[in-house]
Structure formats: structure tokens, C-alpha cells
Amino acid sequence: MKLVYFAWMKEKAGISEETVNPPATVTDLGQLVDWLKERGEPYTGMFQNMAAIRAAINYEYVKIDAAVGPDDEVAFFPPVTGG
Amino acid sequence: MKLVYFAWMKEKAGISEETVNPPATVTDLGQLVDWLKERGEPYTGMFQNMAAIRAAINYEYVKIDAAVGPDDEVAFFPPVTGG
Amino acid sequence: MIRVQAEDFDPGAELEALTKGNAGIGGVCSFIGLVRDIADGERIGAMTLEHYPEMTRRRLEEIEAEAMRRWPLEGCTIIHRHGRLEPGDRIVFVATASAHRRAAFESAAFLMDWLKTNAPFWKLEETGDGERWVAARQSDDDAAARWADKPASE
Amino acid sequence: MIRVQAEDFDPGAELEALTKGNAGIGGVCSFIGLVRDIADGERIGAMTLEHYPEMTRRRLEEIEAEAMRRWPLEGCTIIHRHGRLEPGDRIVFVATASAHRRAAFESAAFLMDWLKTNAPFWKLEETGDGERWVAARQSDDDAAARWADKPASE
């Protein structure tokens with residue numbers, strides 16, 4: 001599973017992307033975030049306030065209960081400010 | 001008093017402007033139109049349907065009961081179609 | 001800035017002139033009106049715009065001032081052509097610059113709605129059946145009327 | 001037509017390309033977004049736009065198709081820059097062409113409201129106090145929300 005980060009989440013992560021292999025029990029985004037936070041920093045800091053974070057799976061905006069699998073590209077970022 | 005015409009009113013008038021000297025009893029636009037129509041064609045044809053005509057006095061849109069005097073420039077035209 | 005002219009204009013140059021040197025501008029909305037080759041189902045060969053020059057100037061100055069009063073604009077450009085134009089030719093250009101995009105969009109729409117119903121221009125179309133004066137549209141009156149009692153959003 | 005690029009663009013050339021050869025177009029509405037020198041009361045030295053390229057392309061194609069579906073458009077141009085920009089620099093350009101002015105105005109406003117809230121871009125501002133990520137605005141969410149249940153006028 002590929003994870004990508006943008007804006008301040010990328011800065012907190014210290015990287016723009018990484019590949020992770022969560023256990024098969026991780027089937028939605030909420031479980032993925034919980035699993036990442038269990039690994040400690042930088043994840044605990046990055047995912048401290050979920051209200052300030054948006055996500056996309058395979059380039060589509062999704063909610064926190066969206067299903068996620070090993071072949072997905074998951075992006076985490078703050079609310080967008082285009083235009 | 002200067003009269004100016006535009007669009008089909010100018011075509012019906014056969015001229016784009018003229019100077020007229022109505023009697024002192026002509027003090028508003030309605031009276032001016034009535035006085036012009038008394039003179040026959042082309043005025044009777046031009047002013048047959050007042051609902052299709054707009055007017056301006058000294059470059060300001062006015063209603064048919066607007067006051068008018070000897071030094072005014074009075075314009076008659078169909079509804080505008082700018083833009 | 002207001003111009004009424006027979007000659008064509010350059011939208012890119014006008015947009016550049018409107019914004020150049022003012023970094024307080026966050027957005028510019030513009031509208032270009034063009035001669036269509038079809039109107040009311042008939043093919044149009046050309047169109048001649050007649051206007052009332054002394055009145056046009058006064059009324060355009062008035063509406064420019066009104067737009068500047070209603071919205072926080074950094075600048076405003078209105079160009080209207082007259083004379084004979086062919087399909088594809090530019091007729092009119094409005095552009096408004098503001099710190100905020102909503103003010104730019106609303107004021108440009110306001111100016112166009114106003115021009116349609118209040119600028120003293122008349123259009124003579126050349127069709128296969130001869131010439132005809134374009135009639136005013138109720139939809140244009142309705143569009144202009146929506147600004148009468150609507151406060152500016154910003 | 002969609003482009004996401006670091007380079008500047010030429011609004012006049014884009015407008016010309018959008019309308020050229022199509023005399024069915026009666027009006028073109030465009031909007032240019034520019035970097036302001038002041039934001040939230042602080043002087044801005046520069047701004048860096050970061051984005052998510054694969055997602056940006058997909059989402060812009062989607063919203064262009066949605067605008068073409070909602071309004072009778074003859075054409076549509078969306079250009080969004082990324083990278084480092086300074087006050088006065090162009091950020092974004094949208095232009096919509098239609099037979100009718102109302103459709104052009106509404107669809108251009110729709111695209112800008114959408115870009116503000118849905119295009120995956122993030123802005124990093126350089127101020128005298130250092131760098132800061134621009135926060136999303138509730139007013140932008142509200143502006144985008146007004147299109148959710150509003151039918152196109154034409």
C-alpha cells in the first residue's frame with residue numbers, strides 16, 4: 001500500500017511518500033490511521049486531529065470509513081486551497 | 001427643441017435629427033408627441049405604438065409624462081439592445 | 001475605463017492594462033460578447049450597431065461608477081464597439097478587478113446585464129431575407145431587474 | 001482544455017484559442033486568479049503551490065465534463081499553475097464559451113468555486129514571520145455548496 005502526504009502532513013512526515021504493509025485486519029481508512037499511530041512518531045503527531053485531515057484513495061476523495069486494500073494509493077492532506 | 005431618432009424610428013422619420021418649435025402649451029413629452037402626430041406623416045406612423053418607444057431628454061431616460069422645454073434634446077428610439 | 005469605438009480591441013492587452021502594477025488584485029473577471037452566425041434561427045451575415053454617442057458616454061460613466069460603488073473594485077474596463085460587424089467579431093468587453101473573486105464575477109455580470117438593457121445601442125441584422133432590427137428581450141430585462149434590490153455580496 | 005503547469009500563460013492567446021473559428025459563440029467569460037501582496041493582513045513575499053499531479057488531472061477532467069454537462073458550452077479552458085509565484089503573478093485561468101452570456105458567467109463561477117474547494121492544491125505563503133500553509137476558508141466551502149442543488153439556468 002502506497003501512502004502519500006501533502007502540505008504540512010508531508011512536512012511532519014518528513015517524506016512525501018512511503019510503502020507500508022498493514023496486517024489483513026486493516027480494511028478501512030480509520031483502521032489504517034489507528035495502525036499507523038500505534039507505530040509512534042511521526043504518525044501520532046500527523047494524525048492527532050483527524051478533523052483537520054482529508055484523504056483520497058486512488059485519486060478520489062473518500063471519507064474515513066472508506067475501504068482500503070494492499071494495492072491502493074492512499075493520500076493524506078489538509079483541506080485543499082486551490083484556485 | 002432638438003429631436004433625435006434612432007433605429008427604425010430614424011428610418012421611418014427619414015432623418016436622424018431635426019429642430020422643432022412647438023407652442024408654449026407643449027410642456028411634457030406626451031403633449032409633444034400629440035403635437036407631432038397632428039402634423040401627419042411621418043409622425044403618425046412613428047408614434048403609432050407608444051409601448052414600443054422609449055425616450056430620453058438630455059441623455060437621461062425619461063417617462064412619457066416628463067417635462068420638456070425649448071432648450072432640450074429629446075431622443076425617441078425603440079428599446080435598446082446593447083451588449 | 002470606458003471606450004466606445006468602431007475598431008476591434010485586444011482582450012489580452014486590456015486585461016494586462018487593468019491589472020499591471022496592482023498586487024492588491026486577487027481576481028479579474030472578464031466577458032467578451034461576440035457576433036453569432038445564427039440569431040432566432042436565422043443565419044446572420046453581418047450586424048450594424050448604431051448608438052447615441054453623447055448618451056452612451058454619460059450612461060457608461062454612470063454605470064461604471066455604480067459598479068465601483070457596489071463592489072470593492074480595484075479597476076473596471078468597459079469597451080463597446082459600434083458600426084458593422086461580422087460573425088465571430090468582438091462586440092463588447094467588460095472586465096472587473098478585485099481582491100475577491102466573488103466581487104469580480106458579480107460586478108462583471110452586473111455590467112453586462114446593464115449594458116443589454118440600458119446602453120443606447122441598437123442592432124440591425126443582415127439576414128438572407130433582408131435587414132431587421134433586433135428586438136429587446138424580456139429575459140434581458142429580467143436579468144437586469146435582479147440587481148435592483150440585490151445588495152452586493154462583498 | 002486542461003493544463004497544469006509551472007509556466008505562466010497568456011490570457012489573450014487562450015481566449016483567442018477558445019473562440020477561434022466558432023461563430024456559434026455569443027459570449028466568453030473568463031477569470032484570472034492572481035497572487036496578492038497581502039493575505040489575512042500580512043505582507044506576502046511569495047507563495048508556493050504544491051499539488052497532487054495524478055489526482056489534479058483526474059479531478060479537473062471530471063469538473064470540466066460536469067460544467068459541459070450542466071451548461072450548453074461551446075468550449076472550456078482551465079489552467080492552474082504550481083510552484084513558486086510572486087505577488088502579481090497569475091495562478092489560475094478559467095474561461096467558458098457559450099451561445100448565451102448567462103451560461104458563460106455561471107459556468108466560469110462554478111469552475112472557480114470548485115477549484116477553490118476540490119482541486120488538490122496547497123499554498124505555502126512566505127511572510128515576514130516565516131512560512132505558513134494557507135488554511136481552507138469556510139466562505140469557499142459555502143460558495144461551492146451553492147452549486148450542489150442549483151440547476152443550471154440555461
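These numbers come from the heavy atoms of this one structure, side chains and all, not from hydrogens, waters or symmetry mates. Chain naming here is simple, since letters A, B, ... match the order of the sequence lines and numbering starts at 1 in each.
Contact annotation for D/Asp89: neither backbone nor side-chain heavy atoms come within less than 4.5 Å of a heavy atom of chain C. The contact between C/Val35 and chain D is made entirely by backbone atoms, counting heavy-atom distances below 4.5 Å. Contacts of C/Lys116 with chain D are made by side-chain atoms alone, with heavy-atom separations under 4.5 Å and no backbone atom involved. Contact of D/Ser30 with chain C is made through backbone and side chain together, with heavy-atom distances under 4.5 Å. The part of D/Ala104 that comes within reach of chain C is its side chain, from C-beta onward, which places non-hydrogen atoms under 4.5 angstrom from that chain. Contact of D/Leu15 with chain C is made through the side chain alone, with heavy-atom distances under 4.5 Å. Contacts of D/Glu86 with chain C are absent, with no heavy-atom separation under 4.5 Å from either backbone or side chain. For C/Ala13, no part lies under 4.5 angstrom from a heavy atom of chain D. If you measure heavy-atom distances from C/Glu16 to chain D, the contacts under 4.5 Å come from the side chain alone. Contact of C/Ala143 with chain D is made through the side chain alone, with heavy-atom distances under 4.5 Å.
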| task | Could you check C/Val28 against D/Arg90 for side-chain contact (heavy atoms from CB on, under 4.5 Å), going step by step and ending with a plain yes or no? | result | CA-CA 10 Å; C/Val28 179; D/Arg90 286 178 274 261; over 6 Å; no
| task | Applying side-chain contact (heavy atoms from CB on, under 4.5 Å), run through D/Met112 and C/Arg102 and close with a yes or a no. | result | CA-CA 10 Å; D/Met112 281 307 305; C/Arg102 189 80 177 265; over 6 Å; no
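Ranking C/Ala109, C/Gly33, C/Ala108 against chain D, the residue ahead of the rest is C/Ala109, based on heavy-atom pairs under 4.5 Å. No other option in C/Gly26, C/Ser139, C/Ala39 has as many heavy-atom pairs under 4.5 Å with chain D as C/Gly26. Chain D forms more heavy-atom pairs under 4.5 Å with one residue of C/Gly27, C/Ala97, C/Gly88 than with any other, namely C/Gly27. Annotation: maximal heavy-atom pairing with chain D below 4.5 Å, among C/Asp113, C/Ile38, C/Ile91, C/Val94, occurs at C/Asp113. The choice from C/Pro11, C/Pro87, C/Gly24, C/Gly12 that makes the most heavy-atom pairs within less than 4.5 Å of chain D is C/Gly24. Highest contact tally toward chain C, considering only D/Val92, D/Ile44, D/Asp140, is held by D/Asp140 [criterion: heavy-atom pairs under 4.5 Å].
Atom CG of residue C/Asn22 and atom CZ of residue D/Arg36 lie 10.0 Å apart, to the nearest 0.5 angstrom.
Annotation: D/Arg137, atom CZ; neighbour count of heavy atoms from other residues, nucleotides and ligands within 6.0 Å does not exceed 12.
Closest approach of D/Cys29 and C/Phe105 over heavy atoms only: SG-CE2, 4.1 Å.
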